[in-house]
Amino acid sequence: MKEDQRIYINKLYEYIADEISISDTMLEKAINSYGAVGNWLGECDPDLDVKIMPQGSVNLGTVIKPISDEDDYDIDLVCLLKNGSKMEASEIKEIVGRRLKEHKTYNEMLEDEGKRCWTLQYEEFHMDILPSVPKNDFYVEPDNTEIRLTHKLDNGMYIDKFSNPAKYKLWFENRMEKILLESKRSFAIKNQVEIDDVPTYSIKTPLQKAIQLLKRHRDIVFANDEEGIAPISIIITTLAAKAYNNEANVYDALSGILDRMAHYVEKDERGKYKISNPVMDDENFAEKWASEPAK
């Protein structure tokens, strides 16, 4: 392909990524909303040390607008009970749900209990709140950040699951470390703030934009997905980040990712597909592929 064609296509990709990104106003509204929910949950019990932290697309700077105005986008929060490591799974879930129900407004917005989260339905987005506790006896960033979360089975029983969203974010940032640092430095100078105060979600690197384009492609291809087989965002994000090779523009980043990402779909010793959480090898993002091959 000729250089002028590459430049033109890259400009198109840049334009599309800008168009499908949520506005600064909407992002600010989302941040203020989760801050308010965090303050309320943080005061649920004087004996509990509560930490609220974002996770998912908003936190990584890869959130996109829904295709239809009838749809909304989601904000993912972790509600960590830092001194609750000895609690049973059902108790962890119940404490957070009870506190949300004690707030008149949140109680009206609260949906039925989900398998892992409590969900608040806002006008333009919904907020998934994940109750959790430290996997070990304590939670200290950045080294000891594994969490134990709750999963409710169809029979009503609660079981433990494990994750590490804080470390995943660090891994994701490290995959684009040089370009991210340059982008944060430019943002800091332009806005006259300290570089350490620039959040990742305010930056748009080639990797972040490539992931946004892949997610929009997913949404269009599976617009009529009645079976629920569309690739989940964490799989798209993980494969893209693993395949990214520090390309400096969106066209090269997306081309390289598409060439390499399939190599990161692995199989375990039993021949089942595996896409490992890069910071937690025993968490398989493709665990449902065995029981639901259409995925």
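We use all heavy atoms of the structure for the numbers below, so side chains are in, but hydrogens, waters and symmetry mates are not.
- Residues that satisfy the salt bridge (charged side-chain N to carboxylate O under 4.0 Å, His left out) test with Asp160, not counting sequence neighbours, are Arg148.
- In this view, Asp196 satisfies the side chain to side chain donor-acceptor pair (under 3.5 Å) rule with no residue, not counting sequence neighbours.
- Note: Ser33 OG to Glu124 CD = 9.5 Å, rounded to the nearest 0.5 Å.
- Here the CH2-CZ distance, from Trp118 to Arg99, works out to 14.5 Å after rounding to the nearest 0.5 Å.
- The side chain to side chain donor-acceptor pair (under 3.5 Å) test applied to Asp154 returns Lys115, not counting sequence neighbours.
- Between Ala230 and Asp225, the shortest heavy-atom distance links the atoms N-OD2, 2.9 Å.
- Counting only N and O atoms by type, the side chains of Glu28 and Thr25 include no donor and acceptor under 3.5 Å apart.
- Atom CG of Leu149 and atom CG of Leu130 lie 5.0 Å apart (nearest 0.5 Å).
- Between the CZ atom of Arg218 and the CD1 atom of Ile232 there is a distance of 9.0 Å, given to the nearest 0.5 Å.
- Under the 4.5 Å side-chain heavy-atom criterion for Ile, Leu, Val, Met, Phe, Trp and Tyr, Tyr15 and Tyr8 are members of distinct hydrophobic clusters.
- Of the options Ile75, Leu77, Leu100, a side-chain contact (heavy atoms from CB on, under 4.5 Å) to Leu120 is made by Leu100 and by none of the others.
- More than 12 non-hydrogen atoms from other residues, nucleotides or ligands lie less than 6.0 angstrom from OH of Tyr73.
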Dump the intermediate steps for side chain to side chain contact (heavy atoms under 4.5 Å, CB included) on Tyr158 and Leu153, then the final yes or no. CA-CA 6 Å; Tyr158 291 86; Leu153 301 175; over 6 Å; no
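- By the 4.5 Å heavy-atom criterion applied to side chains, Met127 and Tyr122 are counted as neighbours.
- Grouping the Ile, Leu, Val, Met, Phe, Trp and Tyr side chains by contacts below 4.5 angstrom, directly or via other members, places Met176 with Leu214.
- Nearest heavy-atom pair, Met87 versus Leu81, reported as atom, atom and distance to 0.1 Å: SD-CD1, 4.0 Å.
- One hydrophobic cluster, built from ILVMFWY side chains closer than 4.5 Å, holds both Phe125 and Tyr201.
- More than 12 heavy atoms of other residues, nucleotides or ligands shown are found within 6.0 angstrom of NE2 on His151.
- With sequence neighbours left out, the side chain to side chain donor-acceptor pair (under 3.5 Å) criterion links Asn10 to no other residue.
- Using a cut-off of 4.0 Å between Lys/Arg side-chain N and Asp/Glu carboxylate O, Glu227 and Lys295 are scored as not salt-bridged.
- Using a 4.0 Å cut-off between a side-chain N of Lys or Arg and a carboxylate O of Asp or Glu, Glu292 and Lys288 do not qualify as a salt bridge.
- Ion pairing between Glu247 and Arg260 holds under the 4.0 Å rule for side-chain N and carboxylate O.
- Between Gln212 and Ser21, the side chains place a donor N or O and an acceptor N or O closer than 3.5 Å (distance only, hydrogens not considered).
- With a 6.0 Å cutoff to the six-membered ring centre and a 45° limit on the axis angle, Lys135 counts as a cation-pi contact of Phe162.
- A continuous path of Ile, Leu, Val, Met, Phe, Trp and Tyr side chains, each step under 4.5 Å between heavy atoms, connects Ile211 with Val279, placing both in one hydrophobic cluster.
- Side-chain contact of Ser163 with Tyr168: a donor-acceptor pair under 3.5 Å is absent, judged by distance alone.
- Partners of Lys11 by salt bridge (charged side-chain N to carboxylate O under 4.0 Å, His left out), not counting sequence neighbours: none found.
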Test side chain to side chain contact (heavy atoms under 4.5 Å, CB included) on Ile95 and Leu48; report intermediate values, then the result. CA-CA 10 Å; Ile95 286 174; Leu48 284 176; 4.0 Å; yes
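- Heavy atoms of other residues, nucleotides or ligands lying less than 6.0 angstrom from CD of Glu88 number 12 at most.
- Salt bridge status for Glu173 with Lys169: present, with a side-chain N to carboxylate O gap under 4.0 Å.
- Within 6.0 Å of CD in Glu123 there are 12 or fewer heavy atoms belonging to other residues, nucleotides or ligands.
- Counted within 6.0 Å of NZ on Lys215, heavy atoms from surrounding residues, nucleotides or ligands total more than 12; the atom is thus considered enclosed.
- Put simply, the side chain of Ile64 does not reach to within 4.5 Å of the side chain of Ile22, judged on heavy atoms.
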Using side chain to side chain contact (heavy atoms under 4.5 Å, CB included), reason through Leu181 and Ile195 one step at a time and then give a plain yes or no. CA-CA 9 Å; Leu181 182 59; Ile195 190 170; 3.6 Å; yes
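- Salt bridge Asp4/Lys2: absent, no basic N to carboxylate O contact under 4.0 Å.
- A 4.5 Å side-chain heavy-atom check between Thr200 and Gln208 finds at least one atom pair inside the cut-off.
- Under the rule for a salt bridge (charged side-chain N to carboxylate O under 4.0 Å, His left out), the partners of Arg6 that lie at least two apart in sequence or sit in another chain are Glu3, Asp252.
- In this structure, Lys82 forms no cation-pi arrangement with Tyr139, as its terminal cationic atom is not both closer than 6.0 Å to the ring centre and no more than 45° off the ring axis.
- No side-chain heavy atom of Asp76 sits less than 4.5 Å from a side-chain heavy atom of Val58.
- No single ILVMFWY cluster, assembled from side-chain heavy atoms under 4.5 Å apart, contains both Met53 and Leu41.
- A side-chain donor from one of Asn144 and Asn136 sits under 3.5 Å from a side-chain acceptor of the other.
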